[in-house]
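Data first, discussion second: the structure below is written as C-alpha cells.
Just follow the structure's listing: the first ligand is 1, and inside any ligand the first atom is 1. Note that the structure is predicted; figures quoted are calculated from it, not measured.
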Amino acid sequence: MKKYKIAVIPGDGVGVEVINEGLKVLNTIRDVHGGIDFEFKTFPWSCEYYLKTGKMMPEDGIKILRDFEAIYLGAVGFPGVPDHVSLWGLLLPIRKEFNQYINLRPVKLLKGIKGPLRNEKIDFIVVRENVEGEYSGTGGRINQGTEDEVAIQTSIFTKKGTERVMKYAFEIALKRNKNLISATKSNALNYSMVFWDEVFNKLKNNYPEVETRIMHVDALSGYFLLHPENIDVVVASNLFGDILTDLGSAMQGSIGIAPGANINPEKKYPSMFEPVHGSAPDVAGKGIANPIGAIWTASMMLEHLGESDSAKLIMEAMEKVTEEGKYLTKDIGGNAKTNEVGDAINEKIKELVKKGW
Ligand code: NAI
Ligand code: MG
C-alpha cells in the first residue's frame, strides 16, 4: 500500500468549495481502487489568514510544505487584499522555491460540453514556463505619487530556464502527436524573445521527429480560435502561457473546467496542483462553482505521483458525467450544485470499478 502525504491549501472563495469535491473524489479512489492511501493535511493559508496575521502563510511555510509529496491548492485572492499581495505571498513563492518550473495546462473539450467555438476538435496542452520570464519579480518603483513616477518590471530569461521548459515540451510532443508550437513575440521584444527563438531553433535539431512552428503570440491567440484542430503542444513563457491558457479554458466551455499542474520534474521538491481559475468572488458561497477543474487537477496529481491508472479512472468517470449531461453546473449550462457534480463523479467511479475497471 502506497501512502501519499498531500498538503491541502483550499485558499479563498470557490477554492474551498472545489477542493472539497476533489478530496471527496480522492477518498473514493482510496476506498474503491485499493493500493493507495492519502495523508491529507489542510492549511488555512489564504486572504482570511492574511487579514488575521499580516501574512498569506507563516514564515516557515515553505519549510513546512517541503515534507509533502504534493500540494493540492484551490485558489487565493479575495476583495480586501490586493491581488499582488495574495499572489506574491503564497502562490508565486511556492512555485519558485520548489522550482516548479513547468506549468502544465491541458486544453480539451470534454464530451457533452458545448464550447463557444464552431470547431470543437480541441485537445492540446500548453507547457508554460513557470518561475522566470515576465514574472521574475524584478524591478522597482521610484518617485511614487509624483509626476516623475517610474515603474520598471524586468523580464528574465536564462538559457537554463528556457532550455529546460522547451525540452520538456518537446518530450511531451514526442508522446503525443509530435507537433510543437513555440509562442514568441520576437518582433517587438527584441532581446528576450529573439533569444527564446534562438534557443528553440537550436533545440529542435535534437527532435527531428517533432514538427515545429514559431508563432507570434498575438497571431497564435487567433489561431487558437480558428484552428484548434492543428494544435498539439504549445510552449510559452510565463506571461504568454498565462494568457493563452485563460483563452484555452474559455475554449473548454468554462474556466471552471481547466486544470493545472506546477511541476518540479526532478521531484526534488513537491509539485503543486491547482485549477486554472481563481477564487471567483462573484460566485463564491453559492454552491454553484464548477468542481471539474479541481477534480481534473486531482487526476493530474495522481498521474504525477505515478498512479496513472487511478488518474485515468477519474478522467473516465468525469467525462462520463459530462457526456450524460445530467449534473452540470450553471457556467456550462446546467443547474447542478457543486457537490452534486462531485457526488455524481464519485458514483461514476464506483460504477466503473464495479464493472471491472
Ligand atoms: P476567476 O478565475 O476567479 O474568475 C473569472 C470568472 O470565471 C468569474 O466570472 C468567475 O465567476 C468564473 N469562475 C471561476 N472559477 C469558476 C468555477 N470553478 N466555476 C464557475 N465559474 C468560475 O478570476 P478573476 O475574477 O480574475 O480573479 C478573482 C480572484 O482570484 C482575484 O483575487 C485573483 O487574483 C484570484 N486569482 C487567483 C488565482 C490562483 O490562485 N491560482 C488564479 C486567478 C485569479
Ligand atoms: Mg491566469
Once the angle between the rings of F38 and F40 is folded into 0 to 90°, is it parallel (under 30°), tilted (30 to 60°) or perpendicular (over 60°)? parallel
So is V81 touching ligand 1 or not, going by heavy atoms under 4.0 Å? no
Under 3.5 Å, is there a donor on one side chain and an acceptor on the other for N130 and Y135? no
Pull out every atom of ligand 1 sitting under 4.0 Å from any heavy atom of F78, numbered as shown with elements. 32 (O)
Any idea which atoms of ligand 1 are less than 4.0 Å away from a heavy-atom of A75? 40 (O)
Any side-chain donor near an acceptor of the partner, E134 and S155, under 3.5 Å: no
Quick note on ligand 1: atoms under 4.0 Å from a heavy atom of E274 include exactly 41 (N)
Polar-atom distance check: V76 versus ligand 1, any N or O pair below 3.5 Å? yes
With respect to atom 28 (C) of ligand 1, which of G77, A289, P281 exhibits the smallest heavy-atom separation? P281
Residue pair S182 / W196, side-chain donor-acceptor N/O under 3.5 Å: yes
Would you check whether S86 has a nitrogen or oxygen atom less than 3.5 angstrom from a nitrogen or oxygen atom of ligand 1? no
Classify the contact between L87 and ligand 1 as side chain, backbone, both or neither, using a heavy-atom distance cut-off of under 4.0 Å. neither
Test your reading of the structure: does S279 have an N or O sitting under 3.5 Å from an N or O of ligand 1? yes
Applying a 4.0 Å heavy-atom criterion (strictly less than), which segment of K330 is in contact with ligand 1: side chain, backbone, both, or neither? neither
Would you mind listing which atoms of ligand 1 come within a distance below 4.0 Å of any non-hydrogen atom of L91? 39 (C), 40 (O), 41 (N)
Taking the six-membered ring for Trp and the single ring otherwise, decide whether the centroids of F200 and F170 are under 6.0 Å apart. yes
Are F195 and F157 close enough that their ring centers fall under 6.0 Å? no
Name the residue from L117, I231, L110 that meets the side chain to side chain contact (heavy atoms under 4.5 Å, CB included) definition with I122. L117
Between ligand 1 and V18, is the shortest N or O to N or O distance under 3.5 Å? no
Need the ligand 1 atom indices (1-based, order shown) with element for anything under 4.0 Å from a heavy-atom of V283. 11 (O)
Under 4.0 Å to a heavy atom of A280 - the qualifying atoms of ligand 1, by number: 3 (O), 10 (C), 11 (O), 13 (N), 14 (C), 15 (N)
Full working for ring-ring contact (aromatic ring centres under 6.0 Å, His included) between F224 and F124: CA-CA 10 Å; F224 265 42; F124 58 90; 5.0 Å; yes
For G256 and ligand 1, does the shortest N/O to N/O distance drop below 3.5 Å? no
With atoms numbered from 1 as shown, which atoms in ligand 1 lie under 4.0 angstrom from a non-hydrogen atom of V276? 42 (C)
Option of least heavy-atom distance to atom 34 (O) of ligand 1 (set: L90, D83, I332): D83
Any idea which part of N290 is under 4.0 Å from ligand 1, heavy-atom wise: side chain, backbone, both or neither? both
Candidate pair Y269 and F68, rule ring-ring contact (aromatic ring centres under 6.0 Å, His included), full reasoning: CA-CA 8 Å; Y269 302 103; F68 292 83; over 10 Å; no
Tell me whether the NZ or CZ atom of K41 lies within the 45° cone about the ring axis of F43 and under 6.0 Å from its centre. yes
Taking N103 as the fixed residue, which of N262, T245, V165, V276 is the one that meets the side chain to side chain contact (heavy atoms under 4.5 Å, CB included) rule? N262
